[in-house]
J.: 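Structure incoming, see below.
None of these values were measured; they are calculated from a predicted model. Numbered from 1 within each chain, the chains take letters A, B, ... in sequence-line order.
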Amino acid sequence: MNAIRFDPLVSLKEALLKAEHPNLPVDGPTPGESFVSEGEAPAGISRRSLLTYAVSAPVMTMAAGLSVPGEAQAALPLTPPDITDFYDLGDAITQSSLPTMPLVRLSVGANGRVLFELPRLESGQGISTALAMMIAEEMDVELSMVDVTLSDARPELLFNQLTGGSTTIRSFAGVLPLLAAKARARLVLAASAQLGLPGDQLITVNGSVRAPDGRKLTYATLTLAASLIPPPLDVRPKSASSYRVIGKSARRIDALDIVTGKKRFTMDTPVPDAKPTMVRRPPTILGTVVRVNNLAAIKAMPGVAVMAETFGQAWDAVNALDVTWGGGTIDGENNASITAKLKATVPPFLVPPILGVTLDAEFEMAPLSHAALETDCAIADVKMDASGRPVSCEIWAGMQSPIAAAQSVALDLGLSPTAVKAHVVSSGGSFGRRLFWDPVQQAAQISKALGRPCKLMYHRADDMRHGRMRPPQLHRVRARMLLGQVVSFDHRIASPRLDTRHGFGDLLSAAAVAAPPIIQQTVGNFAVEQILFKTMVASPYNFGVSNKLLLPAPIIMNTASYRSVHIQPTRLVEEIMVDEIAKALGKDPVAFRLSVLRQPRARAVLQAVASAGQWGKVMPKGFAQGIAVHQETRSYTACLVELDTRPVIAGTGPALVTKAVIAIDVGNPVNPSGIDAQVQGALAESISIVLSAGLHVEKGLPLEGSYSQYRFSRNRQYPKDVKVIIMPANGEAIGGLGEVGLSASSAAIANAYARATGTKVRKFPLFFPVDFVPFPPGKLPNRLILPVPV
Amino acid sequence: MTIQNFSVNGKPVSVDAPDDMALLWVLRDKLGINGPKYGCGINVCKACTCNVNGKAFTPCSTKVSSVRGLDITTIEGLAADGKLHPVQQAWLDLDVSQCGFCQPGQIMAAVALLNRTRTPTDADIDAIDNVCRCGTYGRIRAAIKLAASRMA
């Protein structure tokens, strides 16, 4: 950890981590003593039939995976190890989750089913399935016998109920196998007593304990007895060589529910009397209500809510409202004016030295909508006493930070935090959006104002315009080369200040959480933003003096973390520069990368795609290959694409990715099917955000209001030839997965475009016309009526 | 009071709703049939895709009165007699879904395509415009082809 001293931010970070909560349960419950109470038992299962386990596992800090420079690299201008080499956001989350891991619950029911109450949000990335596989592995039960539910907000879990930074599997990988192994050990001990045989003569198979003489006891019959046995101390999880579940593709545990329409999302949750509600939102971002001219109605910031019997009626009523609006925070601004402010935020580079070669470049990124298929939504039920004062509140939503969400609702309503119960519901995508819970607060405010449960849903147009976004960015880069080598790489990034009030830092107290958007401009927010940047964004190269600087600009808009936050744009830019540097040095992009990559695992994934994708093969006119490599959250990936730019040449549309080869090294693959799914999904997202998807902010509001205008890819844009190479388990710790897939695939597409067209790519998305009629600001689109097909 | 009579998944329903109410709200908010999802309301994302007359349509952009007397199939009605439709089975076998929100619509669009042809081309699949934000397009294509081969 000593290298961290290089950075002045570390003291802040350490303060962040060391700040102890007064209620921190340092010693946790002793294993064997933590039987679930009546109130915690799932419906229909009695307390005495349950066996619940507590974790008491120490978790080793993830190995840093640093490499010693080899001989080939010894002559390179080496870049000192990056902070993320030693300590990244995932480590921070793993460490801060650890003290409360003893409170995480795994139980065996009288029906023999294993239940894990996961304090995270499943938003489609497969965390529930991967964790269920770990449990099935250790307990010798079929995967179909493991249930994973999303835990209600549990304030006692502190930092152990945040979903983000691709950290869930990393955080649980050191804990859950031991937890499950202890559960199995207790079941074996119970069986041992009943069968009169020593435990070492018993084996566990398919949810039962078996004796050599053929006798068999199911877990269902053993759970009560096992619950009275303290776990043995000498339990160890299985060794990787005996895995039968981990490392083999498994289907999502919710797959059947999905294909039969049974999977419930927030708006499908049956809450009695919860009424469909929509909000009339302002014509500019963060605009305010002055008055409602045609209705004595509620003023619920930042819009006017309408509750109805159906969402269709709420939609009509919202459009019928006549509202006078006050100004917002960026009225009159547009992408160009914001970009100009960002340019002014980045100090210009000095005149370059005469010696050597200098490459300067500037890149612009348009804002992005998270555009999850499930729009922003929440259900809230505020109960009031006779005098109309709130006494309790129940909320349902897809929340990545449910503890902070519940706390902020409590503050809004003047309730004690314990009076707010937050149910976490599996969400229809998130991509970082649901780290923030503004829909939850709005639903609670509306429920309070109207005195009945509120089922709040954003129209898609509002989700894109008034939901949160990845703000526009400006990148300024200078690479200096001397004697054929890169001796410095300076990368400055300006972006409207990102809201970090998602609970990732102690610096952000519950009070700050409830503060208005201006808090984004405070020192606390700045510190957390810098820590997040420094613990996430890294360069994989030996580029001598390498520096990345985040320069947040005080522009108030609805920002949020977006999948891979600052990493994807930063690494996209760097990988484009690497191609341009290689060209300037007269080197092949792959050979050059291999000569300057710091980590062997990065070189391995690059070589894998270069080989499988036949790097350098002759391409027809208008086509080109592009390649890039990336490391993030202790995982490594490379991507090679083939791009068809003939549509561009013909003036008929964006380029088409026709082929992709992706290699991914997550250290220890748990579910290859899930890994393949995540990197393919990232490819679809990269195709979108590099080529066609972006928001045009115009007069303080995005023009885009639906998927017909915000060009996320469809079937026809996704290549028909995709090969995913999952690197075999290599003894390294499990890395992150949910975000790592974006950077290499987006950079490979950009680099292919540059090679195919002989141009330099500088503005994203590459194809970004306003070729649609925007919906009127402040209004939802009109309904569309189509005939029934016959 | 305007009573709308039609069938959903073979069962007759009778519901009080104005003629011009979009069928999606009748299904979701009045009948509690939640398989069809809201994603845009204007026939763009197609997350609510259902079938009528064996063809795909979007209830978000269809007046309830225009389905009077017709039988609507939602994702919930696809597994006749509890036996999965070949498209559902292919979706399971290839583990297509991620978050699952768009998948009822994707599956209903695929079923409608296979009602039209048992030998769908890549161009036929390209014409399916349903958005999948998670990016399951590669597996969707493979699953449609797998289901087609099993139905042939």
J.: Any carboxylate oxygen within less than 4.0 angstrom of a Lys/Arg side-chain nitrogen, looking at A:Arg716 and B:Asp129?
T.: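 Salt bridge flag = yes for B:Asp129 with A:Arg716.
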J.: Measuring from A:Tyr707:OH to B:Lys46:NZ, what's the distance to the nearest 0.5 Å?
T.: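 Nearest 0.5 Å value for the OH-NZ distance: 14.0 Å.
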J.: Looking at side-chain heavy atoms only, is the closest gap between A:Ile258 and B:Val96 below 4.5 Å?
T.: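 Sidechains of B:Val96 and A:Ile258: no contact.
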J.: Roughly how far, to the nearest 0.5 Å, is the OG1 atom of A:Thr310 from the CG atom of B:Leu24?
T.: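 So the gap between those two atoms works out to 9.5 Å.
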J.: Taking side chain as everything from C-beta outward and backbone as N, CA, C, O, which of these in A:Val790 sits under 4.5 Å from a heavy atom of chain B? Side chain, backbone, both or neither.
T.: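 Contact with chain B involves both backbone and side-chain atoms of A:Val790.
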J.: What residues of residues 110-123 of chain B make heavy-atom contacts with chain A at a cutoff under 4.5 angstrom?
T.: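 Residues B:Asp122 are the ones that qualify, each having a heavy atom under 4.5 Å from chain A.
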J.: Heavy-atom distance under 4.5 Å to chain A: side chain of B:Thr62, backbone, both or neither?
T.: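 Both backbone and side chain.
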J.: Going from OG on B:Ser61 to CD1 on A:Ile785, what distance comes out if it is rounded to the nearest 0.5 angstrom?
T.: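 The CD1 atom of A:Ile785 is 9.0 Å from OG of B:Ser61, to the nearest 0.5 Å.
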J.: For the residue pair B:Arg139 and A:Ala677, what are the closest heavy atoms and their distance?
T.: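 Looks like NH2-N, 3.4 Å.
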J.: Can you classify the ring geometry of A:Phe311 versus B:Trp25 as parallel (below 30°), tilted (30 to 60°) or perpendicular (above 60°)?
T.: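 It falls in the tilted class, 30° to 60°.
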J.: Output yes when B:Lys30 and A:Glu309 qualify as a salt bridge under the 4.0 Å nitrogen-oxygen rule, no when they do not.
T.: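 A:Glu309 and B:Lys30: not salt-bridged.
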J.: Relative to chain A, which segment of B:Asn130 carries a heavy atom at a distance below 4.5 Å: side chain, backbone, both, or neither?
T.: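 Contact with chain A involves the backbone of B:Asn130 alone.
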J.: Pick from B:Ala127, B:Gly41, B:Ala79, B:Ala142: which one has the most heavy-atom pairs with chain A under 4.5 Å?
T.: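 With the most close heavy-atom pairs to chain A, the winner is B:Gly41.
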J.: Do A:Phe431 and B:Cys99 touch side chain to side chain, with heavy atoms closer than 4.5 Å?
T.: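 No. Closest side-chain heavy atoms not under 4.5 Å.
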J.: Between atom CZ of A:Arg783 and atom SG of B:Cys60, what is the distance when rounded to the nearest 0.5 Å?
T.: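 So the gap between those two atoms works out to 11.0 Å.
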J.: Minimum heavy-atom separation for A:Ala684 to B:Tyr137, with atom names?
T.: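 Closest heavy-atom pair between A:Ala684 and B:Tyr137: CB-CD1, 4.3 Å.
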J.: Do the charged groups of B:Asp126 and A:Lys720 touch, with an N to O distance under 4.0 Å?
T.: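 Here B:Asp126 pairs with A:Lys720 in a salt bridge, since their nearest N and O are under 4.0 Å apart.
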J.: If I measure from the heavy atoms of chain B, does A:Ser713 come under 4.5 Å with its side chain, its backbone, both, or neither?
T.: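 Both backbone and side chain.
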J.: Which heavy atom of A:Ser706 sits nearest a heavy atom of B:Ile42, and at what distance?
T.: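 Taking A:Ser706 first and B:Ile42 second, the nearest heavy atoms are OG-CD1, 3.8 Å.
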J.: Are the side chain of A:Arg252 and the backbone of B:Gln98 linked by a donor-acceptor contact shorter than 3.5 Å?
T.: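 Flag set: sc A:Arg252 to bb B:Gln98 pair under 3.5 Å.
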J.: If I measure from the heavy atoms of chain A, does B:Leu23 come under 4.5 Å with its side chain, its backbone, both, or neither?
T.: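 Neither; nothing under 4.5 Å.
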J.: Heavy-atom pairs under 4.5 Å with chain A are the metric here; pick the option from B:Asp95, B:Ile128, B:Ile75 that has the most.
T.: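 Looking at each option in turn, the highest pair count goes to B:Asp95.
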J.: Looking only at heavy atoms, what is the nearest atom pair of B:Tyr38 and A:Arg460, with distance?
T.: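 Closest heavy-atom pair between B:Tyr38 and A:Arg460: OH-N, 2.8 Å.
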J.: Please classify the contact of B:Thr74 with chain A as side chain, backbone, both or neither, using a heavy-atom distance under 4.5 Å.
T.: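 No part of it gets close to chain A.
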J.: Does atom NZ of A:Lys723 have more than 12 heavy-atom neighbours from other groups under 6.0 Å away?
T.: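 At most 12 heavy atoms, drawn from other residues, nucleotides or ligands, come within 6.0 Å of this atom.
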J.: For the interface with chain B, which of A:Ser426, A:Pro787, A:Gly312 has the highest count of heavy-atom pairs at distances below 4.5 Å?
T.: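 Option with the greatest count: A:Gly312.
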J.: Can you tell me how far apart OG (A:Ser673) and CG (B:Leu94) are? Round to the nearest 0.5 Å.
T.: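 Between A:Ser673 OG and B:Leu94 CG, I get 9.0 Å after rounding to 0.5 Å.
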J.: Measure A:Ala461 against the heavy atoms of chain B and call it side chain, backbone, both or neither at under 4.5 Å.
T.: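 Interface part for A:Ala461: neither.
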J.: Please report the shortest heavy-atom distance between B:Asn34 and A:Met267, naming the atom on each side.
T.: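 It is OD1-O, 4.5 Å.
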J.: Where does A:Ser708 contact chain B at under 4.5 Å (heavy atoms): side chain, backbone, both or neither?
T.: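 When you check distances to chain B, atoms from both the backbone and side chain of A:Ser708 fall under 4.5 Å.
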J.: Specify which of A:Gln313, A:Arg264, A:His459, A:Gln125 makes the most heavy-atom pairs with chain B at under 4.5 Å.
T.: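 Answer, by heavy-atom pair count under 4.5 Å with chain B: A:His459.
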J.: How many angstroms lie between atom CZ of A:Phe712 and atom SG of B:Cys45, to the nearest 0.5 angstrom?
T.: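 Spacing of CZ (A:Phe712) from SG (B:Cys45) equals 13.0 Å.
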J.: Examine whether an atom of A:Leu256 lies under 4.5 Å from a heavy atom of chain B, and if so say whether it belongs to the side chain, the backbone or both; otherwise answer neither.
T.: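 It is both, since atoms from each part get that close.
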J.: Looking at B:Asn53, B:Asn43, B:Val44, which one has more heavy-atom pairs under 4.5 Å with chain A than the rest?
T.: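 Between B:Asn53, B:Asn43, B:Val44, the count favours B:Val44.
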J.: How far apart are the C-alpha atoms of A:Lys262 and B:Glu76, what are their side-chain angles, what is the distance that settles it, and do they pass the side chain to side chain contact (heavy atoms under 4.5 Å, CB included) test?
T.: CA-CA 8 Å; A:Lys262 292 194 182 80; B:Glu76 289 96 336; over 6 Å; no
J.: Within the structure provided, determine whether A:Arg714 and B:Val131 are in side-chain contact (heavy-atom separation under 4.5 Å).
T.: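 The answer is yes; the side chains approach within 4.5 Å.
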J.: Do the side chains of B:Gln89 and A:Val259 get nearer than 4.5 Å, heavy atoms only?
T.: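 Result no, sub-4.5 Å side-chain heavy-atom pair not found.
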J.: With chain B, which of A:Met464, A:His370, A:Lys275 has the greatest number of heavy-atom pairs at distances under 4.5 Å?
T.: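 Heavy-atom pair counts peak at A:His370.
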J.: Show your working on side chain to side chain contact (heavy atoms under 4.5 Å, CB included) between B:Arg133 and A:Glu374 and close with a plain yes or no.
T.: CA-CA 10 Å; B:Arg133 174 62 178 84; A:Glu374 180 191 34; over 6 Å; no
J.: Looking only at heavy atoms and a cut-off of under 4.5 Å, which of B:Ser97, B:Gly35, B:Gly32 has the most pairs with chain A?
T.: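 Between B:Ser97, B:Gly35, B:Gly32, the count favours B:Ser97.
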J.: Contact part of A:Pro276 toward chain B, heavy-atom cut-off under 4.5 Å: side chain, backbone, both or neither?
T.: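 Answer is side chain: those atoms of A:Pro276 sit under 4.5 Å from chain B.
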J.: Can you say whether A:Phe775 sits under 4.5 Å from chain B via the side chain, the backbone, both, or neither, judging by heavy atoms?
T.: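 Only the side chain of A:Phe775 comes within 4.5 Å of chain B.
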J.: Mind running side chain to side chain contact (heavy atoms under 4.5 Å, CB included) on B:Arg28 and A:Asp268 for me, showing each step along the way?
T.: CA-CA 8 Å; B:Arg28 289 187 56 88; A:Asp268 309 329; 2.7 Å; yes
J.: Does any backbone or side-chain atom of B:Cys132 lie under 4.5 Å from a heavy atom of chain A? Answer side chain, backbone, both or neither.
T.: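 For B:Cys132, the backbone is the part near chain A, not the side chain.
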J.: With a 4.5 Å limit on heavy-atom distance, are the side chains of B:Asp93 and A:Arg251 in contact?
T.: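 Answer yes - side chains close enough.
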J.: Taking all non-hydrogen atoms of both residues, which atom of A:Gly428 and which atom of B:Phe101 are closest, and how far apart?
T.: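 Closest approach of A:Gly428 to B:Phe101: CA-CB, 3.8 Å.
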J.: Of the backbone (N, CA, C, O) and the side chain (C-beta and beyond), which part of A:Asn782 lies under 4.5 Å from a heavy atom of chain B, both, or neither?
T.: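 Looking at A:Asn782, just its backbone touches chain B.
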